[in-house]
Amino acid sequence: MATPASRGGRRWLWVSLAVYAAVLWFGVTPHEVGSSWRECDTMAMSRNFLLDGFDPLRPRVDWRGDTDGAVESEFPLYQMLVAASLVAFGEVEWPARLWSLLAMVWAGVALHRLLEWRTGPGPALVGTLVFLGSAQAVLLGARVQPDGLSTALLLAGSAAFLDYLVFGRGAALWLAVVANALGVLQKATGLQIVAVQGLLVLCIAPHRLREARLWIGLLLIVGVLAAWLWHGVQLHAETGLTFGVLSAGETKFPGLRQLRSFDVWSSLLSTTMRIGLGPFGCMALGTLVARRRMDRIDLSLLVVVGLALVGAMRYSAYEGTGPHYHVFVAVAGAWCMARVWPRRAPQWLWAVTLLGIGMVGAHWVLQEREKVRSCTHAGVLDVAAVIRASFVADALAIVRSHREGYDAWWRRRTNYEEPVLLYQARRRGWVVPADGFEVAELERLRARGADFVVDQLPGQASAEVQGWLAANAELVLDRSGCTVHRLRPSPAK
């Protein structure tokens with residue numbers, strides 16, 4: 001039953017969510033994806049639902065070559081929502097950002113419910129505010145990617161699961177199962193939150209372990225995810241296309257070499273403190289440890305999210321490649337802040353803390369706005385516009401990626417398939433790694449139907465490649481660090 005204090009806290013929560021949404025929507029502009037790698041891939045998959053047929057079992061990318069583009073990926077729920085918006089509003093990108101923003105507002109509501117149960121109205125409000133002002137809430141609320149929706153579903157699933165544990169409501173359990181399943185389907189790393197829920201059973205309601213419905217629900221979540229992952233492997237076997245979910249060796253797990261590296265651990269720690277826990281989370285965690293107030297529930301959350309970071313260390317250790325892997329660390333930071341906040345905090349403490357949260361949030365908003373604006377003024381957009389005007393709609397491209405195909409230090413394949421130029425040019429084709437841009441590969445792809453070549457690193461092209469292009473293609477464009485050549489028909493055709 002809601003108390004006057006909880007009702008007051010919830011009113012301030014809605015005010016805070018409105019401020020968060022307004023600041024992100026009007027402060028992080030423009031609402032286009034520009035040259036943002038992951039966002040271009042997400043928008044391309046959404047658009048392809050309209051161009052190639054609305055089949056959720058065959059999400060499609062532009063870097064498909066001469067296949068139909070079906071790719072091994074996480075379940076495209078977010079992309080389907082964006083595609084539905086494109087039907088309503090046309091080929092624009094702002095609805096995708098709106099979906100991300102609404103998802104993070106929902107995540108804030110769900111997190112507040114969890115914190116209110118754990119700590120009471122005042123601490124729950126300050127913990128939620130710390131989360132909304134974090135790097136993760138700004139990033140996921142402003143970018144076109146599915147992580148925000150996955151986060152919201154998993155936090156909402158946790159709130160529903162808690163309701164089941166406390167009150168035994170079957171409807172709450174099945175709601176949690178659905179939300180959790182959809183959350184992990186979009187981001188398999190979300191299994192860490194399902195693991196936290198399992199530990200929560202042991203901490204507060206071990207008698208639920210005797211209920212068959214709990215085990216059935218858990219098996220449904222894991223089973224649905226396993227079925228989708230298996231389906232993705234089949235798609236990769238058919239088309240050779242993957243986001244590195246399971247196939248092709250593009251794993252995020254560290255090897256012994258990385259686990260023994262001081263530099264990797266140092267990078268992981270500094271990245272976690274900066275964009276995961278944040279300053280308030282770090283201080284709150286230190287306070288919990290110093291005061292010896294950490295209990296089994298706190299430890300369960302912190303240990304699980306910590307292990308998840310280590311499991312995804314290839315990306316999570318670096319802010320540039322895996323910032324979104326820290327979203328549940330930000331949740332843990334907010335949790336710690338709520339745990340150390342006094343139930344009757346003095347007004348001066350509220351004032352100082354709100355000022356600090358505002359300053360941290362403003363820092364991340366300004367940084368995100370700068371990233372967005374740099375992406376929407378990239379030279380590759382001009383190159384894409386020329387390609388759209390110079391080549392027919394079904395012309396197939398060969399695009400040289402900025403990334404190499406193999407990471408020698410991590411000893412892994414990379415996801416070198418750079419989507420930006422293909423998406424912005426509204427064309428399809430092949431993306432070859434920077435170290436695979438060779439005459440034999442160009443000749444092979446020309447024989448398979450390639451019509452033009454885009455070299456994004458022309459200064460690094462070998463003499464053999466330059467000679468082959470001079471003999472087999474005509475230069476269409478040399479601008480913004482890119483060259484575009486129109487291929488002459490292959491003798492093999």
Side-chain angles (χ1 to χ4, degrees), residues 35-38 41 134-140 143 145 147 187-192 195 242-286 288-290 299 301-334 336 360 363-364 367-368 370-371 374-375 401-418 433-436 456-457 460:
S35 60
S36 175
W37 186 308
R38 292 194 76 226
D41 252 333
S134 70
Q136 296 302 308
V138 172
L139 184 153
L140 298 185
R143 294 195 186 181
Q145 56 190 68
D147 305 76
K187 296 297 297 183
T189 51
L191 277 175
Q192 62 188 289
T242 180
F243 278 105
V245 180
L246 284 182
S247 303
E250 205 275 300
T251 178
K252 301 165 183 64
F253 293 106
L256 289 177
R257 183 183 190 183
Q258 290 76 38
L259 290 173
R260 293 194 300 261
S261 170
F262 172 81
D263 290 340
V264 174
W265 282 105
S266 175
S267 180
L268 177 62
L269 179 60
S270 62
T271 301
T272 301
M273 294 175 66
R274 174 174 160 78
I275 65 171
L277 288 171
F280 287 99
C282 290
M283 289 188 292
L285 177 58
L288 271 180
V289 173
L299 281 172
L301 175 61
L302 291 166
V303 169
V304 170
V305 299
L307 290 175
L309 285 181
V310 175
M313 186 183 277
R314 186 181 172 205
Y315 285 176
S316 63
Y318 309 104
E319 184 174 342
T321 56
H324 49 285
Y325 284 87
H326 292 262
V327 61
F328 293 116
V329 183
V331 170
C336 291
V360 171
H363 166 78
W364 292 117
Q367 183 165 311
E368 187 66 21
E370 180 59 31
K371 289 180 182 177
S374 64
C375 283
S401 175
H402 289 93
R403 290 187 183 177
E404 296 183 346
Y406 184 76
D407 187 327
W409 196 82
W410 281 86
R411 298 172 183 170
R412 312 283 161 80
R413 176 195 185 273
T414 69
N415 58 337
Y416 61 82
E417 293 91 351
E418 190 171 346
D435 53 352
Q456 299 187 95
L457 299 168
Q460 299 179 24

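Along the sequence shown, the residues carry numbers beginning at 1.
Every residue meeting the side chain to side chain donor-acceptor pair (under 3.5 Å) condition with E368, not counting sequence neighbours, appears here in chain and number order: R143. Applying the ring-ring contact (aromatic ring centres under 6.0 Å, His included) criterion to Y416, with sequence neighbours excluded, gives no partner residue. Remark: V360 engages P279, F280, W364 in a side-chain contact (heavy atoms from CB on, under 4.5 Å) (not counting sequence neighbours). In this structure S35 satisfies the side chain to side chain donor-acceptor pair (under 3.5 Å) test with no other residue, sequence neighbours excluded. Qualifying salt bridge (charged side-chain N to carboxylate O under 4.0 Å, His left out) partners for R411, counting only residues two or more places apart in sequence or in other chains: none. With sequence neighbours left out, D41 forms a salt bridge (charged side-chain N to carboxylate O under 4.0 Å, His left out) with no residue at all. The side-chain contact (heavy atoms from CB on, under 4.5 Å) check on A195 picks up V304, with sequence neighbours excluded. Under the side-chain contact (heavy atoms from CB on, under 4.5 Å) criterion, V310 pairs with L259, W265, L268, M313, sequence neighbours left out. In this view, L246 and E72, L229, V233 satisfy the side-chain contact (heavy atoms from CB on, under 4.5 Å) rule, not counting sequence neighbours. With sequence neighbours excluded, the residues that form a salt bridge (charged side-chain N to carboxylate O under 4.0 Å, His left out) with E417 are R413.
At distances below 3.5 Å, not a single donor-acceptor pair connects side-chain atoms of E418 with backbone N or O atoms of R403. T271 places a side-chain N or O within 3.5 Å of a backbone atom of S267 that can act as its donor or acceptor partner.
Counting non-hydrogen atoms of neighbouring residues, nucleotides and ligands closer than 6.0 angstrom, the CE atom of M283 exceeds 12 such neighbours.
Considering every non-hydrogen atom in both E404 and P433, the closest pair reads C-CB, 3.9 Å. Here the closest heavy-atom approach between residue T242 and residue V245 is recorded as OG1-N, 3.8 Å. Shown here for A434 and S401, the closest heavy-atom pair between the two residues is CB-O, 3.4 Å. Nearest heavy atom pair, residue P323 against residue Q136, reads O-NE2, 2.9 Å. For the residue pair V305 and A332, the shortest heavy atom distance occurs at CG2-CB, 4.3 Å. In terms of heavy atoms, P254 sits closest to G311 at CD-O, 3.7 Å.
Remark: H326 NE2 to L309 CG distance equals 5.0 Å, nearest 0.5 Å. Considering CD1 of I275 and NE2 of H324, their distance stands at 9.5 Å, rounded to 0.5 Å. If you take CG on L301 and SG on C336, they are separated by 7.0 Å, rounding to the nearest 0.5 Å.
Sorted by first then second residue, the side chain to side chain donor-acceptor pair (under 3.5 Å) pairs that include residues 303-322, not counting sequence neighbours, are E250-R314, E250-Y315, R274-E319, Y315-N415. For residues 255-264, no pair satisfies side chain to side chain donor-acceptor pair (under 3.5 Å), with sequence neighbours left out.
Inter-residue side-chain proximity for R38 and D147 is flagged as met; some heavy-atom pair is nearer than 4.5 Å.
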